[in-house]
Peer 1: 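Right, I'll just put the structure down here and ask away after.
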Amino acid sequence: MSSPKSCHKGAAGPEVRLQCGKWRPDPQCGKWRPDPIKKYVLRTEVGARTYRVDYDRELNEEQKAVVLAGGGPILVIAGAGSGKTRTLVYRVARLIESGTDPSRIMLLTFTNKAAREMLRRVEMLLSVDTRRLMGGTFHSVGSRLLRRFGSRIGLSPNFTILDEEDSREVFDAATSDLKIQTLEKRFPKGDVLSDLYSFTINTGRRFPEVLAERAPHFLPLEEEIVRVFQRYQERKRTGNACDYDDLLLSWKRLLSEVPEIAAQFAASYDHVLVDEYQDTNQLQGDIVDGMGKIRRNVAVVGDDAQAIYSFRGASFANILGFPERYPDAKVFRLTLNYRSTPEILALANSSISHNQKQFEKDLRASRGEGPLPAVVPLADVSEQARFIAQRLLEWHDEGDALADLAVLYRAHYQALELQIELTRRGIPYEIRSGTRFFEQRHVKDVLAFLKVVVNPKDELSWKRALKIFPRIGERSASTVWAAIAGSPDPLVAFRALGEPASLPRGADAALKPFRSLVTRLDSPSLRSSPAEAIRFVVESVYADYARAKFPNGGARLDDLEQLAQFAQQYESLPGFLEEVTLFNELSGEDVAAGEPSDDRVVLSSVHQAKSLEWSRVVVMWLSEGRFPSYRAATTEEGVEEERRLFYVAVTRAKNEVALTYPMLARDRYGVDVILEPSRFVSELPEDVSERWTVELEAEVPSEESKKPEPVN
DNA sequence: TGGTGAGCGGTTTTT
DNA sequence: CCGCTCACCA
Ligand SMILES: Nc1ncnc2c1ncn2[C@@H]1O[C@H](COP(=O)(O)OP(=O)(O)OP(=O)(O)O)[C@@H](O)[C@H]1O
């Protein structure tokens, strides 16, 4: 990521500020307060301010009111495409232009994609280096803070971040530590435990309550489950590891349990701004409140109609309750949609009005007319894929770049047939789903070697790395770990390990290369070059292993070379590892079909598409049972959340939308089933869409094409 | 330790 | 239907 160097130093701001006092504990009473430096502001004459950004021209009055509003709590609640993100970004720009140091601004959101888009926009506006801003996802900001301050709650700065799979394994290990009989009584597995645990943490609710609601059949096991949770936490503590939730939970603990840190945090950030606030959960809400406690410059924006993360404990109670928690909050609304044509907006508004629980919002179109959204039934899944592929090509011919087109769906598996079709036709695409690149087994194997060097107490990684060697499996790996675990630095202990006690014959010999490998990795030159470290691991042990172990060993080694190239931009192992677990993007096969190209159609889940926009969008699989998913369709809240998801999907489009659904599909047992159109389609009034019928071209050789014809 | 085969179970969505 | 887990064997 290259960021333009900031220029125009002199044009900085309208006011010259004298040094602002640092916050530190008062030696007398121990309370935190600013140094008694007198603050004096030298004002520029009225009208003489020059801003690089032309706020008057680029914002409407409603938006400008938010951008120019002074300090204090701010809530913006508004519909899709009304410029919430834009307003937030301009507010950040304005703050910086008015002299706030970027490092004193905290800018948060939930998904990586949205975070990146937000930071990119700030950068474009000001050519300021956004790395100075404390901005990103809640998790990445939490992680940055914990590296610096986590020692206050017993976390050393080199902690490992556990991904979902890791944390599931730690749960399984915890269960087996306690020697719980998992078979007789059907004890929940790691992933189930992890779900329950995570939901409890994120909602801040009491565990028995969560258990009763989400997995009542395990109620008799409550006591044991709680013991496993405790063991899980213990394991993380001794392994110096954090799961995703810990990045938030420990952040909150710093705020609530370590008063000096709490005060320092709250004082260090003049402004806290949150996008997509409707998708925060209790834990994140508490964090925002904690960070804003002293200065109360908390600006949040969101849209309750786009709340789509209740499955991980998000609740729009946060956004609706904001005015109560901040009685002095200024509440703003934005009512003009800048993104979509009136036709698209009419469909979206009409759909969302079916939700009982909704907060009425004005949302009018500002753009000129466009085509009616198309509703397109297709005979089956492969016809759906062919239709979409053809339509994408037509749109491309009409002048849209491929990158301005997106296909959205409810669940990742739904993209499969389309991928095949796009590949067949050589249409480049980018897919944001599937096993993510850094979660692939071979990638994690190699990373385990680096993790061990960074955090020698990382049991999981030790074992993972050890098991790469011949004759070493779970048993021997445990023996080795047991021999070094007690040492203050297991890395040192491992290198000094003479004849490891009671290793099976042959296993010991296998450790020799590992020992020299570790020694080499621990050298300054490799510690500062993740790319070289990766290549070194691959060349010295992993290449042989991969070729022997995997039928597609070659392809996996190519992945690892890609990994090394990606790592090239990092200059330290910890920095690299952190990004890799937190910024876990794209599947291994992300670029398909033909030449690598920048211009690619995007295939994405609706969840990941939030806050983004494209010229034209296809929403596929709009069949009852698929979108809404039949799981969600069992409760009224579930359906309403799915409908919000549909609303998000449709409102991603600026110019044109197609809604497609197959009438016949194979269910998961391989049986063909007839599918009804999604209720989200059938409940729409006639006049907001155009119904298409698709027929196969009559048997003419060559050119395949289907003529979509409007009916009625 | 690691490979094989029978049987089970199972589809959201993210960090 | 198919991928994955678990139990069993070399
Ligand atoms: N005043 C304006 N002038 C011109 N373009 C605008 C204005 N306000 C917003 N836009 C454009 O409208 C589009 C939608 O804005 P933005 O993404 O900020 O909306 P949003 O409310 O965050 O949307 P959503 O919640 O649906 O993600 C963007 O392309 C943005 O640049």
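Below, each value reflects all heavy atoms present in this structure, side chains not excepted, and no hydrogens, waters or symmetry copies. It should be emphasised that the depicted structure is a prediction, and the values quoted were computed from it without experimental measurement.
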Peer 1: Going by centres under 5.5 angstrom and planes under 30 degrees, do the aromatic ring of A/Y309 and the base ring of B/dT14 stack?
Peer 2: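 The base of B/dT14 is not stacked with A/Y309 (the test needs centres under 5.5 Å and planes under 30°).
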Peer 1: Take the protein atom CD1 of A/I308 and the nucleotide atom C1' of B/dT13, then report the distance between them rounded to whole Å.
Peer 2: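 The answer, rounded to whole Å, is 8 Å.
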Peer 1: May I ask you to verify if any side-chain N or O of A/R666 is less than 4.0 angstrom from the OP1 or OP2 atom of C/dC1?
Peer 2: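 The answer is no; no side-chain N or O of A/R666 sits under 4.0 Å from OP1 or OP2.
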Peer 1: Nearest whole angstrom, please: distance from the P of B/dT14 to the CD1 of A/I161.
Peer 2: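 Spelled out: CD1 on A/I161 to P on B/dT14 is 19 Å.
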Peer 1: Is any side-chain heavy atom of A/C242 closer than 4.5 Å to a side-chain heavy atom of A/L155?
Peer 2: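 A side-chain contact exists here, since the closest heavy-atom pair is under 4.5 Å.
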Peer 1: Picking from A/D163, A/L582, A/L577, A/L563, what satisfies side chain to side chain contact (heavy atoms under 4.5 Å, CB included) with A/F438?
Peer 2: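 The single option meeting the side chain to side chain contact (heavy atoms under 4.5 Å, CB included) with A/F438 is A/L563.
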Peer 1: Using the side-chain hydrogen bond (donor to acceptor under 3.5 Å, both in side chains) rule, collect all pairs that involve residues 625-637 of chain A, keeping only residues at least two apart or in two chains.
Peer 2: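 Listed once each, the pairs are A/Y630-A/R668.
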Peer 1: Within this structure, what is the CG-to-C1' distance between A/L416 and C/dC1, rounded to whole angstrom?
Peer 2: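 Nearest whole value for this atom pair: 14 Å.
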Peer 1: Please confirm whether the shortest side-chain N or O distance from A/Q608 to OP1 or OP2 of B/dT14 is below 4.0 Å.
Peer 2: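 For A/Q608, the contact criterion (side-chain N or O under 4.0 Å from OP1 or OP2 of B/dT14) is met.
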Peer 1: NZ of A/K113 versus P of B/dT13: gap in Å, rounded?
Peer 2: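 Spelled out: NZ on A/K113 to P on B/dT13 is 15 Å.
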Peer 1: Output yes when at least one side-chain N/O atom of A/K189 is less than 4.0 Å from OP1 or OP2 of C/dC6, else no.
Peer 2: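 Answer yes for this pair, as a side-chain N or O of A/K189 is under 4.0 Å from OP1 or OP2.
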Peer 1: B/dT14 C1' sits how many Å from A/F110 CZ, rounded?
Peer 2: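 Atom CZ in A/F110 sits about 4 Å away from atom C1' in B/dT14.
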Peer 1: Pick the nucleotide of DNA chain B nearest each of A/S140 and A/S629; which residue has the one closer to the 5' end?
Peer 2: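 Looking at DNA chain B, the more 5' nearest nucleotide goes with A/S629.
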Peer 1: For A/F311 and B/dT13, do the ring centres fall under 5.5 Å apart while the planes stay under 30° apart?
Peer 2: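 Given the distance and angle limits, yes, they stack.
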Peer 1: Is A/R643 paired with A/E683 through a side-chain N to carboxylate O contact shorter than 4.0 Å?
Peer 2: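 Salt bridge: yes.
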Peer 1: With a cut-off of less than 4.0 Å, is there a side-chain N or O of A/S605 near OP1 or OP2 of B/dT14?
Peer 2: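 Yes, because at least one side-chain N or O of A/S605 sits under 4.0 Å from OP1 or OP2 of B/dT14.
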